[in-house]
Structures are given as C-alpha cells and as structure tokens.
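Taking it in order: structure first as structure tokens, then the write-up.
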Amino acid sequence: MIVDSVTGEPLWRPLLYNEGCPDALPMVKSVAPPNHTVCSASSTLCKLVSWWNSDASNKSAAILLHQADWLLWLLHGKIGISDYNNALKVGYDPEIDSYPPWLLSQPYAQILPSVKAPGTPIDYLSEGIRTQYGFPQDCVVCTGTTDSIAAFLAARATKPGEAVTSLGSTLAIKLLSTIRVEDARFGVYSHRLDDKWLVGGASNTGGAVLRQIFTDKQLAELSEQINPAQPSPLDYYPLQSVGERFPVADPKMAPRLHPRPDDNVQYLHGILESIARIEAKAYNLLQELGSTPVQQVFTAGGGSKNETWIKIRERVLGLPVRRAAQTEACYGAALLALKGCSPDEI
Ligand SMILES: Nc1ncnc2c1ncn2[C@@H]1O[C@H](COP(=O)(O)OP(=O)(O)O)[C@@H](O)[C@H]1O
Ligand SMILES: O=C(CO)[C@H](O)[C@H](O)COP(=O)(O)O
C-alpha cells in the first residue's frame with residue numbers, strides 16, 4: 001500500500017501479494033544484483049517502482065506499508081514501521097539488517113518504511129481501540145511477520161531440515177536452513193528467522209483452485225474414496241489463472257486441468273497428486289540450490305485437514321508429512337508477540 005504519511009489515507013489502489021507489475025521489472029533489474037528477490041514482477045519493489053513511474057503527484061507525502069504494517073498502524077498509531085520479514089521483497093537485507101546501498105541511492109527510497117525485527121514492541125494499543133474492545137491498559141503491539149512464517153512458528157518446527165508447507169489458497173513452503181538461498185529465476189528466497197534462514201517460496205497452486213471446482217464438502221467426501229497408496233496417472237498444473245511464481249517463475253504459465261475424467265474421485269485424485277508433485281519439485285529445488293536438506297514436513301492451512309492428501313504427499317515426497325499441532329497462522333503471530341512483548345523496551 002502507498003499511503004499518506006500523515007493521515008494514512010491510501011494514495012494508490014492496494015495491491016495483493018501476488019499481483020504483478022511487469023512494467024517496473026526492467027528498471028528494478030537495472031539497479032538490483034542479478035537474480036535478487038526483488039527481480040520478480042510480483043515483488044514489492046516492482047509495485048513501488050510502478051507507482052513511482054506513474055503520474056503520482058504526491059510523492060513527497062507518501063510512505064509504503066505492507067498490509068500487516070497498515071493493520072498494526074491502526075492498532076498503535078505510529079505510521080511507517082515494518083519488520084524484516086515483510087520488508088524482504090521490497091529489498092531489505094536481513095543479513096546486514098539494513099536497506100542495501102543500491103536501494104538507498106534510489107529516489108524512491110524516501111518512501112520506504114523503517115524496519116525492526118519481527119516481534120519487536122512498538123507501542124501500547126491506542127486508547128480508542130483499547131476501550132472499544134476492552135483490552136487491558138498494558139496491552140502492547142509488536143511488529144509482525146508474513147502469514148506463512150506465522151504458520152511456521154505455529155507449527156513449532158525448530159530444527160534445520162524441518163519444513164512447513166502451508167496449504168491455504170496457495171501453497172507456501174518454508175524450510176529451516178543454516179544456509180541462505182536466493183534465486184529469483186525460480187522464485188526462491190530466504191527469510192531470516194533469528195540466526196537461521198527460512199528458505200522457500202510460494203506457488204500459485206493450492207486450495208483456491210480446488211474451491212473453483214469442488215465445495216469443501218465434496219473435497220472431504222471425494223477424498224475419502226481415493227486410495228492414497230495408488231499413484232494417479234493424471235498430470236495437471238492446477239492454477240486459478242495464468243502465472244506461476246515457484247518452483248517455476250513464469251508469469252505466462254497457463255493452468256493445466258484437462259483432460260477431466262467423468263469420475264470426480266479420479267479427477268480430484270489427479271489434482272491432489274499433481275499439487276503434491278509441485279511440492280516435491282519445490283523441496284528438491286531448494287536442496288539443489290544448497291539449502292539444508294529437508295527431513296520432515298509439517299503441514300498447515302485448510303488443506304492440512306485432508307488425511308488422504310497427507311498420505312499421497314508422503315508417497316510423492318518420500319518424506320514424513322505430519323499435520324502441525326497448531327495449523328492457524330494467527331497462533332504463530334501470538335507466539336511471536338509473546339516472545340517479543342516486554343513493555344520495558346517501548
Ligand atoms: N478437505 C479439504 N481438502 C483439501 N483442501 C481443502 C479441504 N477443505 C478446504 N480446503 C481448502 O482450504 C483452503 C482454505 O484454507 P485457508 O488456510 O483458510 O486458506 P487462506 O487463509 O490461504 O485463504 C480452501 O482454498 C480450500 O480449497
Ligand atoms: O502466497 C501467499 C499467500 O497465501 C504467501 O503467503 C506469500 O506470497 C508468501 O510470502 P512469504 O514467503 O514472504 O511469507
């Protein structure tokens with residue numbers, strides 16, 4: 001979001017995380033290091049540059065916020081604060097804990113938010129919100145993280161080699177690694193998690209495609225009739241619309257959901273198996289690019305309740321796959337706040 005730095009009013013249409021601004025890509029590639037995370041049309045930096053190059057008249061009053069930063073501003077009232085997870089795709093370097101010189105030298109650097117570690121206390125909850133909802137006076141608001149990192153924290157995976165696949169509307173992968181891996185050619189990037197790295201990426205495949213074809217009730221009923229030990233010969237690339245981010249970064253990739261068999265059980269089997277193949281390709285790619293090898297996969301999000309799918313994925317990945325004890329990202333966000341929350345530091 002690009003907002004007025006005083007009033008918080010949006011100065012441009014808010015953009016979703018997977019929306020692309022290919023018009024800005026050549027300019028971003030001309031300033032960033034080769035294959036940097038920002039060198040993807042859906043990166044936050046491409047969104048920022050696309051706005052900067054538009055007819056925007058109020059550049060001096062603007063500030064960039066991620067959706068999570070904007071929500072937190074509504075809670076604590078201090079505008080222009082982000083965290084190093086949300087800020088990764090605008091170009092923040094969590095290793096040096098700073099925006100890099102190539103970014104700071106750009107004219108649009110003036111609208112970048114200040115960045116803190118995830119879970120850093122910012123301020124007390126603003127009085128209006130506190131009284132409206134009945135929170136205690138000492139309720140503190142901390143910086144956040146991204147949704148799939150919060151899902152990783154909720155799963156309480158702590159050892160290098162442990163990974164979390166979030167099967168929500170999309171498929172997001174996070175593998176705890178001692179080695180940082182980044183390669184925009186495949187949509188691979190590393191978020192910092194304290195002194196380690198969460199290597200992974202986000203595919204546009206996932207539950208949203210399933211919901212385009214089946215109701216949640218059908219998903220549950222049809223899945224019970226699938227034999228997960230039996231491989232499906234059907235080979236699809238389930239996407240809601242054109243464009244994939246990871247493990248293939250191709251904004252022009254077309255969805256492949258045909259041929260459709262008459263039997264819905266077979267069709268769903270083929271789709272679940274095909275998404276599992278994309279997940280397997282993703283984990284193999286991370287290892288090829290040098291991350292700590294994956295040993296155990298936890299799973300979160302709406303797709304994690306599907307036991308048949310978990311068995312299919314175990315067979316296709318050749319790895320133990322377990323439903324996380326806590327599968328909601330908000331649980332991880334609360335753990336982060338608990339860890340960071342110390343009013344003395346405000
Ligand atoms: N039994 C099921 N098997 C597989 N996927 C399911 C099942 N039930 C729901 N889903 C999928 O879960 C997704 C919703 O999960 P959720 O984590 O709430 O997504 P998000 O928060 O990313 O929108 C839906 O897109 C739906 O297709
Ligand atoms: O696709 C997503 C939304 O469901 C992912 O959450 C998002 O794109 C992944 O971002 P990050 O890896 O930075 O947490």
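Whatever order the structure lists ligands and atoms in, that order sets their numbers, starting from 1. Every value quoted in this text rests on a predicted model; they were computed, and no experiment measured them. Just so you know, these numbers use all the heavy atoms, side chains as well, and skip hydrogens, waters and symmetry mates.
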Which atoms form the tightest heavy-atom contact between Ser43 and Lys89, and what is the distance?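 The pair with the smallest heavy-atom distance is CB-O, 3.6 Å.
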
Nearest atoms (heavy-atom pairs only) where Ala329 meets Ala150: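 Shortest heavy-atom separation between Ala329 and Ala150 comes out as O-CB, 3.3 Å.
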
Verify the ring-centre separation between Tyr236 and Tyr267: is it less than 6.0 angstrom?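 Tyr267 vs Tyr236: aromatic centres under 6.0 Å.
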
Knowing that exactly one of Leu336, Asn86, Asp69, Asp83 qualifies, which makes a side-chain contact (heavy atoms from CB on, under 4.5 Å) with Thr143?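 Of the listed residues Leu336, Asn86, Asp69, Asp83, the side-chain contact (heavy atoms from CB on, under 4.5 Å) partner of Thr143 is Asp83.
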
Keeping the roles fixed (side chain from Ser166, backbone from Ala300), state whether a donor-acceptor pair exists under 3.5 Å.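 Looks like no, no N/O pair under 3.5 Å.
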
Does Thr146 offer a backbone N or O that forms a donor-acceptor pair with the side chain of His191 under 3.5 Å?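 No; judged by distance alone, with no hydrogens or angles, the pair does not exist.
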
Regarding Arg256 and Ser274, is there a side-chain donor-to-acceptor distance under 3.5 Å anywhere?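 Their side chains do not contain a donor-acceptor pair, so the 3.5 Å distance test is not met.
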
Please tabulate, one line per pair, the protein N or O atoms found under 3.5 Å from any N or O atom of ligand 1, giving the distance to one decimal.
residue: ligand 1; atom: 3 (N); partner: Asn306; partner atom: ND2; Å: 3.0
residue: ligand 1; atom: 15 (O); partner: Gly302; partner atom: N; Å: 3.2
residue: ligand 1; atom: 17 (O); partner: Gly302; partner atom: N; Å: 2.9
residue: ligand 1; atom: 19 (O); partner: Ser169; partner atom: N; Å: 3.4
residue: ligand 1; atom: 22 (O); partner: Ser169; partner atom: N; Å: 2.9
residue: ligand 1; atom: 22 (O); partner: Ser169; partner atom: OG; Å: 3.3
residue: ligand 1; atom: 23 (O); partner: Ser169; partner atom: OG; Å: 2.7
residue: ligand 1; atom: 25 (O); partner: Gly207; partner atom: O; Å: 3.0
residue: ligand 1; atom: 25 (O); partner: Ala208; partner atom: N; Å: 3.4
residue: ligand 1; atom: 27 (O); partner: Gly207; partner atom: O; Å: 2.8

Is Asp216 salt-bridged to Lys305, going by a charged N under 4.0 Å from an acidic O?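 Result for this pair is no, no salt bridge flagged.
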
Measuring from each atom of ligand 2, which residues have a heavy atom under 4.0 Å away?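 Within 4.0 Å of ligand 2, the protein residues are Tyr17, Lys89, Thr146, Asp147, Ser148, Thr170, Lys174, Tyr189, His191, Ala202, Arg245.
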
Drop me the distance from Tyr283's OH to Ile173's CD1, to the nearest 0.5 angstrom.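 Atom-to-atom, Tyr283:OH and Ile173:CD1 are 4.5 Å apart.
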
